[in-house]
Amino acid sequence: MHAKTCAEAAPKAYGEGTEQVAAFWCQGAIAPNLIAWMRKMPAGNPHAPTPEAEKRWAEAAKHPDEADLQHAAQAAAEALAKVQAQA
């Protein structure tokens with residue numbers, strides 16, 4: 001959810017006369033202090049831990065992984081090719 005908000009806002013931050021030629025988003029681990037903070041939230045708080053949230057946090061801790069790095073390299077190569085084609 002937060003990543004989607006950032007992805008939509010990012011192009012607006014570049015300024016007039018700029019163009020976003022590519023974007024790459026990757027899951028990453030959540031800072032341990034942020035998880036500790038969320039675990040202190042009372043039940044019912046949107047950031048309170050749930051079994052589902054704990055599973056997502058555990059999965060996030062596995063990233064970036066080798067597949068993520070390969071996708072990043074591919075995205076960078078495609079972006080470079082697009083820029084070179086426009087030149």
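In this chain, residues are counted from 1 in sequence order.
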Notebook entry, point to check: Do you know the tightest heavy-atom contact between Ala48 and Pro42?
Noted result: CB-O, 3.2 Å
Notebook entry, point to check: Which hydrophobic side chains are connected to Trp25, either touching it within the sub-4.5 Å cutoff or through other members that do?
Noted result: none
Notebook entry, point to check: Listed by chain and number, what are the side-chain contact (heavy atoms from CB on, under 4.5 Å) partners of Ala73, not counting sequence neighbours?
Noted result: none
Item checked: ILVMFWY cluster membership beyond Leu69 - transitive side-chain contacts under 4.5 angstrom -> none
Check: Which ILVMFWY residues can you reach from Trp37 by hopping between side chains whose heavy atoms are under 4.5 Å apart?
Finding: Ile30, Leu34, Ile35, Met38, Met41, Trp57
Next item on the list: Mind listing the closest non-hydrogen atom pair of Cys26 and Pro64 along with its distance?
Entry: SG-CB, 3.8 Å
Notebook entry, point to check: Who else is in the cluster with Val21 when I, L, V, M, F, W and Y are joined by side-chain contacts under 4.5 Å?
Noted result: Val83
Item checked: Pairwise side-chain hydrogen bond (donor to acceptor under 3.5 Å, both in side chains) hits with a residue in residues 61-74, at least two apart -> Glu59-Lys62, Glu59-His63, His63-Asp68, Gln74-Glu78
Next item on the list: Report the distance from atom NZ of Lys12 to atom CD of Gln20, rounding to the nearest 0.5 Å.
Entry: 11.5 Å
